[in-house]
There are 2 protein chains.
Amino acid sequence: MSSCDTCVVRNRAICAVLDSKEVEALNGIGRRRNLEAGEALIWEGEESVLVANVIEGMLKLSTGTEDGREQIVGVAYPSDFIGRPFGARTSHSVTALTDARVCLFARKDFDRFAGEHPALEQKLLRRTLAELDRTRDWMLLLARKSAEEKVATFLLEMSSRLVEPGCEAPGDKPLDRFDLPFSRQQIGDILGLTIETVSRQMTRLKRDGVIGLPNRRAVEILDRQALEASAG
Amino acid sequence: MSSCDTCVVRNRAICAVLDSKEVEALNGIGRRRNLEAGEALIWEGEESVLVANVIEGMLKLSTGTEDGREQIVGVAYPSDFIGRPFGARTSHSVTALTDARVCLFARKDFDRFAGEHPALEQKLLRRTLAELDRTRDWMLLLARKSAEEKVATFLLEMSSRLVEPGCEAPGDKPLDRFDLPFSRQQIGDILGLTIETVSRQMTRLKRDGVIGLPNRRAVEILDRQALEASAG
DNA sequence: GCTCAACCTTGACGTGGGTCAAATATTCGT
DNA sequence: ACGAATATTTGACCCACGTCAAGGTTGAGC
């Protein structure tokens, strides 16, 4: 019996399309690894060596300019696939935001396995297409929305993303209270804003009674309608 | 003999992985279509009905907010694949920028065909992964670069993208003179800037002797080093 | 409980790029 | 070639957001 049998993301990660024999084989070329918050797994610009499934925790994908400006270009949640299969360099760093647990593969092993399992490639294709759609939607926010709209949109996104994954039920309701897995600085890096602007917008929403901020990381949505209006 | 035998993108589009029998079969479910500049093929938010290969010309992928702000989230060149296979809604409009010619499929037919041809899905996966990388890189530009950096980066990108596709040789040199396939407004929509700002930055680069602007659409790169420096 | 180091908030101020308006340039139809 | 429509440039102005600079909070380690 492989450790996959008890894996919490067994039915949500790309492994879901594999039968138990195939999962066993995949397990044979992978290994678990724990990451501490802040630990990097993949570095921008390096040759693509590793790919992984996220089991637990959250990671950021990021790029930066030479002069130190950083942009978070994606966030990986449990069951998401990370890394760059099929050859190229990895163009984005991957860093744990929280303590995390991943199921790690040597890229070459994974590529070979995928080549032999079209169903896995199909699953990966569907995910990648969905991720591309989401990324493109985010471009509109980065390029065109005001700071207020960005922060409001971000909070709404968080409230639906952070729903506990109770099995694979997709009809989960958004949360009205949650803990942000990001620091203010990281929120700025996601939204293309400075930390000060993020802080000011959050304070404003709080002052207007739209949200509550019980503590540094917690957010409470008090008036969802107003928040949606602010999101534009 | 199918029309694919003489297709200029036969060896560069996703069809390249298919043998002549398979191409024949794919050809059976597709059809050619000419688009005029400005003509839309796919509308944001609609059910995904069509997918296509670009044979000739260029198309934009775009989203907008309700209040009329638009953002171009991608540009499709000859041999690129457009549309949203596998189920979902299409989240971006697709509109011809120039007169264009595409090889069109009903999404359902294409999905079925792809399901039966893993090599095609693999090719599509590789393309989608590459497109996702490029899109994420663009996010850094949208979120963090100044107007000057944006315009300079854009011009450099154009100078390498607009190289005539002489077969599949990838080692083509960037052009030092080319015609933009975009209006100033569209450049603004790509860079997340207003038309005025684009115009001012172009004028500035011209005044500084970095580029020449022989006419509305033409661009001449006079000092590539300086342009690269401006791109940050 | 105290200290130190992050982290976050708040304020004052400056500026890049948006907005509005008008002048030019180019294209197109006749 | 002429006039109308469209695209681009240019200028004046202003405001949202970045920058710089203090404070406040929070929490981990002692």
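Quick note on labels: first sequence line is chain A, next is B, and so on, each numbered from 1. For clarity, every value in this text was computed on a predicted model and none was experimentally measured.
- Distance, Arg216(A) CZ to dG27(D) C1': 8 Å, rounded to whole Å.
- Under 4.0 angstrom from either OP1 or OP2 of dG18(D) there lies at least one side-chain N or O belonging to Thr194(A).
- Rounded to whole angstrom, the span from the CG atom of Asp189(A) across to the P atom of dC8(C) amounts to 12 Å.
- Just one of His92(A), Gln71(A), Glu44(A), Glu70(A) meets the side chain to side chain contact (heavy atoms under 4.5 Å, CB included) condition when paired with Ser62(A); it is Glu70(A).
- Counting atom types as modelled, Arg200(B) pairs a side-chain N or O with a base atom of dG11(D) as donor and acceptor under 3.5 Å.
- If you measure from atom CE of Met202(B) to atom P of dG17(C), you get 16 Å, rounded to the nearest angstrom.
- Dashed line: the shortest gap from a side-chain N or O of Thr197(B) to OP1 or OP2 of dG17(C) is not under 4.0 Å.
- Within 4.0 Å (heavy atoms only), Arg184(B) reaches sugar-phosphate atoms of the nucleic acid but no base atom.
- Both Val198(A) and Pro214(A) lie near DNA chain D, and the one whose nearest nucleotide falls closer to the 5' end is Val198(A).
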Output, in order, the C-alpha distance, side-chain angles, deciding distance and verdict of side-chain hydrogen bond (donor to acceptor under 3.5 Å, both in side chains) for Ser159(B) and Arg177(B). CA-CA 8 Å; Ser159(B) 101; Arg177(B) 193 187 183 297; over 6 Å; no
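- Between Glu196(B) and Glu196(A), it is Glu196(A) whose nearest contact on DNA chain C lies nearer the 5' terminus.
- Put simply, CG on Leu180(B) is 16 Å from P on dT26(C), counting in whole angstrom units.
- In terms of position on DNA chain D, the residue among Phe182(B) and Lys145(A) whose nearest nucleotide sits closer to the 5' end is Phe182(B).
- Taking the centre of each ring, Phe81(A) and Phe105(A) stay at or above the 6.0 Å mark.
- The separation between Ile195(A) atom CD1 and dC20(D) atom C1' is 14 Å, rounded to whole Å.
- Between the side chain of Arg136(A) and the backbone N or O of Thr135(B) there is no donor-acceptor pair closer than 3.5 Å.
- Within the 4.0 angstrom heavy-atom criterion, only backbone atoms of the sugar-phosphate kind lie near Thr203(B); the bases stay farther away.
- Atom CG of Leu213(B) is separated from atom C1' of dA25(C) by 14 Å (rounded to the nearest Å).
- The residue Gly188(A) sits apart from the nucleic acid: no heavy atom pair falls under 4.0 Å.
- The CZ-C1' distance, from Arg207(A) to dG11(C), rounds to 14 Å in whole Å.
- Taking atom CD of Gln185(A) as the reference point, atom P of dT26(D) lies 20 Å away to the nearest angstrom.
- Of the candidates dT8(D), dC17(D), dC8(C), dC17(D) carries the atom nearest the Gln201(A) side chain, counting heavy atoms from C-beta on.
- Using a 4.0 Å cut-off between a side-chain N of Lys or Arg and a carboxylate O of Asp or Glu, Asp208(A) and Lys206(A) do not qualify as a salt bridge.
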